[in-house]
Amino acid sequence: MTAHYLPENLPTHIQHYIDGTFVDSLGGDTFDVLDPVSNTNYATAAAGQKADIDLAVAAASRAFTNGPWPRMKPRERARVLNKIADAVEAQESRLAELETFDTGLPITQAHGQAQRAAENFRFFADLIVAQFDDAMKVPGAQINYVNRKPIGVAGLITPWNTPFMLESWKLAPALASGCTVVLKPAEFTPLSASLWATIFEEAGLPQGVFNLVNGLGEDAGDALVKHPDVPLISFTGETTTGQTIFANAAPKLKGLSMELGGKSPCVVFADADIDAAIDSALFGVFSLNGERCTAGSRILVERSIYDEFCEKYAARAKNIVVGDPHDPKTEVGALVHPEHYAKVMGYVEIGKSEGRLLAGGGRPAGLDTGNYVSPTVFADVKPEARIFQEEIFGPVVAITPFENDDEALALANGVKYGLAAYIWTQNLTRAHNFAQSVEAGMVWLNSHNVRDLRTPFGGVKSSGLGHEGGFRSIDFYTDQQAVHITLGAVHTPKFGASATH
Ligand code: NAD
């Protein structure tokens with residue numbers, strides 16, 4: 001039986017934050033929030049409906065139209081963003097503790113998320129101060145310049161895996177750009193998001209710039225997507241949800257940034273450093289409990305090293321420490337919610353008829369309650385198998401052999417997703433040719449996902465729409481208006497000036 005860790009001063013009720021005030025839903029609706037170790041409800045959260053979204057959007061619109069934030073000098077905004085980063089860093093332990101409690105992510109990995117969240121604010125603070133826009137000269141005729149301006153109220157909709165970090169990913173560039181925002185966090189994990197309001201207030205973010213409405217996707221999320229005064233939606237979540245949002249945003253032709261699901265390949269050639277590849281391919285799928293959009297959840301291995309790879313990989317997977325997410329020794333914690341646990345366990349059962357089970361395959365011994373799944377490894381998985389094609393979003397990996405580069409590429413590309421790819425080889429020519437041919441928004445050669453914040457982030461095919469990262473994120477949250485100034489005489493055909501007949 002796992003001891004049930006309870007953070008001190010845990011809230012029993014989580015509210016919205018609208019126009020500088022913590023509030024409940026107008027209609028009083030709430031939903032229950034549970035922790036994934038005991039699966040008991042520890043809090044209620046205000047369940048936002050359309051009326052609550054209307055209030056939040058109205059506050060954000062006022063702050064955008066009349067408030068100082070969009071009009072501040074970049075340096076002034078950057079100072080606030082840096083204070084936010086300082087506050088996130090200062091609260092790292094508390095934040096990590098709450099995040100781990102709410103999501104089931106191992107505590108050591110939750111610490112990393114807090115640091116990354118702070119870094120997002122520092123990064124965009126630097127970027128807006130350094131930002132400059134183009135001016136173009138047509139000698140003697142014109143000067144043209146780009147008048148960059150924040151678009152307005154941005155709707156931010158986020159998932160439950162690494163919630164605080166993913167929220168920072170959208171909040172930082174949206175705020176840096178001068179937009180005002182309404183955030184709708186994932187309903188499974190509203191706890192850490194409730195920290196933002198105080199952090200922002202203390203950092204000096206003007207009232208109404210940041211608004212948060214909790215609630216279910218089909219209620220609060222849907223109302224945000226359809227709101228006529230929200231011209232932008234930045235969404236991270238499942239591909240199917242992305243499709244619904246795409247359709248709902250179409251009538252207003254909203255700006256959309258979509259980070260969706262993945263089923264990324266990790267391709268290991270025979271000439272790779274096998275031990276390094278094994279370390280990386282284990283971390284790549286079992287970190288963050290496997291609840292990771294860029295997980296390398298399909299490992300493709302060249303036939304000549306296949307047996308050796310599978311044996312070593314499975315031995316290590318069996319040795320992974322699964323347990324209480326708050327224990328620093330834990331490598332895989334508890335999955336976020338019983339519904340998600342049931343989905344992942346469903347795939348584990350499907351996998352037993354689709355592949356050769358090498359490790360895991362169910363609940364770990366000694367962990368009778370909580371959403372624990374043993375790191376599960378299936379080998380000999382055929383490309384048409386569901387566990388090869390579908391995103392499982394848990395600690396489950398499919399290993400498939402290949403004979404040559406062409407087959408590896410066909411297998412890598414043979415799914416609907418295209419988020420990330422990891423390639424292991426010492427051969428420079430093969431590495432680059434493969435990287436350039438693989439259908440993935442992001443490729444890592446001889447590494448798991450280690451990302452410089454300046455690089456483009458995003459997927460192709462069913463994994464997303466648009467690329468954020470660095471100045472691309474600023475581009476998403478701003479308009480680039482072209483202003484053309486006439487310096488000389490403009491040749492203007494004189495319509496209607498000829499003598500009348
Ligand atoms: P989800 O799609 O179920 O929910 C994401 C958010 O959308 C939640 O806040 C939810 O309430 C909201 N939502 C649901 N229905 C909605 C609707 N009709 N209108 C508006 N909002 C709605 O996703 P999830 O289960 O929370 O997260 C896991 C998924 O996220 C996985 O597929 C994963 O790959 C993906 N993900 C992608 C990335 C990326 O960068 N590509 C990063 C993290 C997670």
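Just follow the structure's listing: the first ligand is 1, and inside any ligand the first atom is 1.
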Could you find the nearest protein heavy atom to [atom] and give me its residue, atom name and distance?
atom	answer
atom 41 (N) of ligand 1	Leu260 O, 2.7 Å
atom 6 (C) of ligand 1	Thr158 O, 3.4 Å
atom 23 (O) of ligand 1	Glu238 N, 3.4 Å
atom 11 (O) of ligand 1	Glu187 OE1, 2.5 Å
atom 42 (C) of ligand 1	Cys293 SG, 2.9 Å
atom 17 (C) of ligand 1	Gly217 O, 3.5 Å
atom 18 (N) of ligand 1	Thr244 CG2, 3.9 Å
atom 7 (O) of ligand 1	Phe235 CE1, 3.2 Å

Can you find an N/O atom of [X] closer than 3.5 Å to an N/O atom of ligand 1?
X	value
Phe393	no
Ser463	no
Trp169	no
Trp160	yes
Thr239	no
Thr236	no

[X] heavy atoms, cut-off 4.0 Å: which ligand 1 atoms fall inside?
X	result
Gly221	19 (N), 20 (C), 21 (N)
Leu166	43 (C)
Phe457	40 (O)
Ala186	9 (O)
Asn161	43 (C), 44 (C)
Asp222	19 (N), 20 (C)
Leu419	41 (N)
Lys184	8 (C), 9 (O), 10 (C), 11 (O)

Which option out of [options] puts a heavy atom nearest to [atom]?
atom	options	answer
atom 40 (O) of ligand 1	Glu391, Glu259, Glu468	Glu259
atom 35 (C) of ligand 1	Gly237, Gly155, Pro159, Ala220	Gly237
atom 1 (P) of ligand 1	Ile233, Ile245, Val336, Thr241	Thr241

Between Gln389 and Tyr417: side-chain donor-acceptor atoms closer than 3.5 Å:
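Not at all, the side chains of Gln389 and Tyr417 share no donor-acceptor pair under 3.5 Å.
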Whether [Y] and [X] form a salt bridge (side-chain N of Lys/Arg under 4.0 Å from carboxylate O of Asp/Glu) is what I want to check.
X	Y	answer
Glu439	Lys461	yes
Glu468	Arg472	no
Asp222	Lys50	no
Arg116	Glu119	no

| query | When the aromatic ring centroids of Phe457 and Trp169 are compared, is their separation below 6.0 Å? | reply |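 Yes.
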With side chains defined as the heavy atoms from C-beta onward, is the minimum distance between Asp35 and His4 less than 4.5 Å? yes
(Q) With a 4.5 Å cut-off on side-chain heavy atoms, are Asn289 and Leu105 touching? (A) yes
For [Y], does its backbone N or O pair with a side-chain atom of [X] as donor and acceptor, under 3.5 Å?
X	Y	answer
Arg298	Ser264	no
Tyr313	Ala281	yes
Ser353	Glu349	no
Glu187	Ala47	no

Exercise. Only pairs at least two apart or in different chains count here, so list each ring-ring contact (aromatic ring centres under 6.0 Å, His included) that has a residue in residues 232-253.
Key: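 Residue pairs with at least one partner in residues 232-253: there are none.
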So the ring-ring contact (aromatic ring centres under 6.0 Å, His included) pairs with at least one residue in residues 29-48 (sequence neighbours excluded) are Tyr42-Phe101
CD (Glu167) and CG (Leu195) are apart, to the nearest 0.5 Å, by 9.5 Å
Problem - NZ on Lys263 to OG1 on Thr294, rounded to 0.5 Å - result: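 It comes to 13.5 Å.
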Would you call the rings of Phe200 and Phe210 parallel, tilted or perpendicular if under 30° counts as parallel and over 60° as perpendicular?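 Correct class here is perpendicular.
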| Parallel, tilted or perpendicular: rings of Phe393 and His340 (30°, 60°) | perpendicular
Is it true that [X] lies under 4.0 Å from ligand 1, counting heavy atoms only?
X	answer
Phe188	no
Gly459	no
Pro185	yes

Are any of the protein's heavy atoms under 4.0 angstrom from atom 15 (N) of ligand 1, yes or no? yes
With a 4.0 Å heavy-atom cut-off (strictly under), which part of [X] contacts ligand 1: side chain, backbone, both or neither?
X	result
Asn248	neither
Arg292	neither
Ile157	side chain

